[in-house]
Structure formats: structure tokens, C-alpha cells
Amino acid sequence: MKETLKPGIVYEHKFVIPQTKTVPSLYPESEEFLAMPEVFATGYLVGFLEWACIKAINPHLDWPQEQTVGTHINVSHEAATPPGLEVTAKVRLEKVEGKKLSFTVEAHDGVDLISRGEHERFIINKEKFDARIAQKRP
């Protein structure tokens, strides 16, 4: 990691919600999900917040050899967002403890605050990580 990886890094990420990021698309194998409203799925919201954190810190890592993986997330999902609206994530790196990175995160859909909370990521060496994962495969 670079010396520039320090608390205080902020990033804003925008994304227009397509139909493919709604609840019925989350697990199309699930009859229950298929019957649910076509709004931004919490599972995709989590991924969107992770994406914003990744974009915030990648310039401060030796990318792509160094990457980060999510290790904890504690966020609300406070309002429904239909497809076609643009969501904005605002993230801030709050702490750097060795390879552990702690963020505050929030997202807004232009009408409502839809999410807020905390997210943690851990810096990995991609080659070593992939080698460990390969050992788990049957």
C-alpha cells in the first residue's frame, strides 16, 4: 500500500439503477424473490457500497497486485428505489489499522437517503489470496 492510504479519503460514486439490479433479479431461481417488488435489492446495494469503497482506495494501493475484500458490513436500507433513478454513494475512509480499513458509507437516490452505516475491508495480495482459495477447491 502507498503512503497516501490514510484516514480522510472520501469518494462519491454514482450509478443509474437498471432493471437487472432489482429484487427479482437477485436470485432468479427463487420464486419468493421473483414475486417481490421491482426495487433496488439490498444485496445489490451492499455491492454498490463496496464498489464505492474500492474505487476510493484503489489509487492508494499497488493495484492490481494489492486488492481489498469486504470483511464486515453494517448498513441500513431505509427507502425503496425504483429502476431508472441515479443513486449516489458517499464513502469516507475513517481508520487504517494495518491491513484493515474502516469506512462510513451512505447512499441517496435523489429523493431519499436510502442507506447509511459502516463497512470494513482488508488488503490482500491477490496472488497469495488466489493460491489459498485454490487449496479449498475440491
Side-chain angles (χ1 to χ4, degrees):
M1 74 187 115
K2 299 175 182 174
E3 290 182 18
T4 58
L5 184 65
K6 295 180 181 175
I9 294 170
V10 294
Y11 190 80
E12 189 172 291
H13 189 57
K14 295 179 181 286
F15 183 70
V16 176
I17 303 302
Q19 192 72 38
T20 58
K21 300 297 183 254
T22 62
V23 177
S25 299
L26 188 60
Y27 277 99
E29 304 84 0
S30 165
E31 291 179 30
E32 294 81 5
F33 279 144
L34 288 173
M36 294 182 78
E38 292 182 353
V39 295
F40 192 26
T42 303
Y44 289 123
L45 169 64
V46 167
F48 176 64
L49 293 168
E50 287 194 275
W51 186 13
C53 291
I54 291 166
K55 302 252 323 154
I57 59 171
N58 269 3
H60 307 280
L61 298 176
D62 292 322
W63 175 268
Q65 297 82 11
E66 282 184 323
Q67 296 183 13
T68 59
V69 293
T71 56
H72 184 82
I73 190 144
N74 181 17
V75 296
S76 62
H77 194 169
E78 301 179 22
T81 303
L85 288 185
E86 182 178 69
V87 293
T88 301
K90 294 179 181 177
V91 302
R92 177 182 166 87
L93 180 60
E94 299 291 346
K95 289 190 240 176
V96 177
E97 300 170 289
K99 293 184 178 188
K100 180 178 153 185
L101 309 175
S102 300
F103 296 85
T104 53
V105 298
E106 71 175 44
H108 200 284
D109 67 10
V111 178
D112 293 308
L113 176 72
I114 62 170
S115 182
R116 61 182 147 196
E118 298 86 33
H119 177 46
E120 291 177 357
R121 301 191 67 75
F122 194 83
I123 300 170
I124 61 158
N125 174 289
K126 175 83 164 58
E127 186 177 322
K128 290 179 183 177
F129 187 88
D130 286 348
R132 283 193 302 270
I133 295 303
Q135 292 176 354
K136 289 182 94 171
R137 291 195 173 109

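Starting from 1, each residue takes its place in the sequence as its number.
The two residues A107 and L45 come nearest to each other via the heavy atoms CB-CD1, 4.2 Å. Residues K6 and L93 come closest through the heavy atom pair O-CD2, 3.5 Å. The minimum heavy-atom distance linking L26 with G43 is given by the pair CD1-CA, 4.2 Å. Contact detail for V16 and P18: the closest heavy-atom pair is O-CD, 3.0 Å. The two residues I9 and A56 make their nearest non-hydrogen contact at CG2-O, 3.6 Å. Minimum heavy-atom separation, E38 to P24: CG-CG, 3.8 Å.
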### Message
Checking H108 against T88 for the side-chain hydrogen bond (donor to acceptor under 3.5 Å, both in side chains) test, could you report, in this order, the C-alpha distance in whole Å, the side-chain angles of both residues, the deciding distance, and whether it holds?
### Response
CA-CA 5 Å; H108 200 284; T88 301; over 6 Å; no
### Task
Take T68 and L101 through the test side chain to side chain contact (heavy atoms under 4.5 Å, CB included) and record every step on the way to the result.
CA-CA 9 Å; T68 59; L101 309 175; 4.1 Å; yes
### Task
For T22 and V39, run side chain to side chain contact (heavy atoms under 4.5 Å, CB included): C-alpha distance rounded to whole Å, both residues' side-chain angles, the deciding distance at 0.1 Å, then the answer.
CA-CA 5 Å; T22 62; V39 295; 5.8 Å; no
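Distance NZ/K99 to CZ/F122: 6.0 Å, rounded to 0.5 Å. Taking CD1 from I57 and CG from L5, the interatomic distance works out to 6.5 Å, rounded to the nearest 0.5 Å.
Judged by distance alone, the side chain of Y44 and the main-chain N or O of S25 form a donor-acceptor pair under 3.5 Å. Side-chain atoms of E94 do not come within 3.5 Å of backbone N or O of S102 as any donor-acceptor pair. Q67 places a side-chain N or O within 3.5 Å of a backbone atom of P64 that can act as its donor or acceptor partner. A donor-acceptor contact shorter than 3.5 Å links the side chain of K2 to the backbone of P59.
Aromatic ring orientation, W51 versus F15: perpendicular (interplanar angle above 60°, classes split at 30° and 60°).
Put simply, M36 and I17 are part of the same group of oily side chains (I, L, V, M, F, W, Y) that touch within less than 4.5 Å, one to the next. Taking hydrophobic clusters as Ile, Leu, Val, Met, Phe, Trp and Tyr residues chained together by side-chain heavy-atom distances below 4.5 Å, F48 shares a cluster with V46. L61 is not connected to I54 by any chain of hydrophobic side-chain contacts under 4.5 Å among Ile, Leu, Val, Met, Phe, Trp and Tyr, and they are in different clusters. Under a hydrophobic clustering in which Ile, Leu, Val, Met, Phe, Trp and Tyr are joined whenever their side-chain heavy atoms come within less than 4.5 Å, directly or via other members, L49 and Y11 fall into the same cluster. Linking ILVMFWY residues whenever their side-chain heavy atoms come closer than 4.5 Å, directly or via other members, places M1 and F103 in the same cluster.
F40 has its side chain within reach of I114: a pair of non-hydrogen atoms, C-beta onward, lies under 4.5 Å apart. Within the 4.5 Å cutoff, side-chain heavy atoms of V105 are placed close to those of C53.
Around the CD atom of E97, the shell of radius 6.0 Å holds more than 12 heavy atoms that belong to other residues, nucleotides or ligands.
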What donor-acceptor contacts under 3.5 angstrom involve side-chain atoms of residues 128-138, with partners at least two apart or in another chain?
residue, atom, partner, partner atom, Å
D130, OD1, K126, NZ, 3.4
D130, OD2, K126, NZ, 2.5

Show me the donor-acceptor pairs, under 3.5 Å and distance only, between side chains in residues 71-87 and residues at least two apart or in other chains.
residue, atom, partner, partner atom, Å
T71, OG1, E120, O, 3.4
S76, OG, E78, OE2, 2.7
S76, OG, R116, N, 3.2
S76, OG, R116, O, 3.3
H77, ND1, T42, OG1, 2.6
H77, NE2, A79, O, 3.4
E78, OE1, R116, NH2, 3.2
E78, OE2, R116, NE, 2.7
E78, OE2, R116, NH2, 3.4
T81, OG1, D109, OD2, 2.8

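The salt bridge (Lys or Arg N to Asp or Glu O under 4.0 Å) analysis of residues 47-57, with sequence neighbours excluded, yields the pairs E50-R121.
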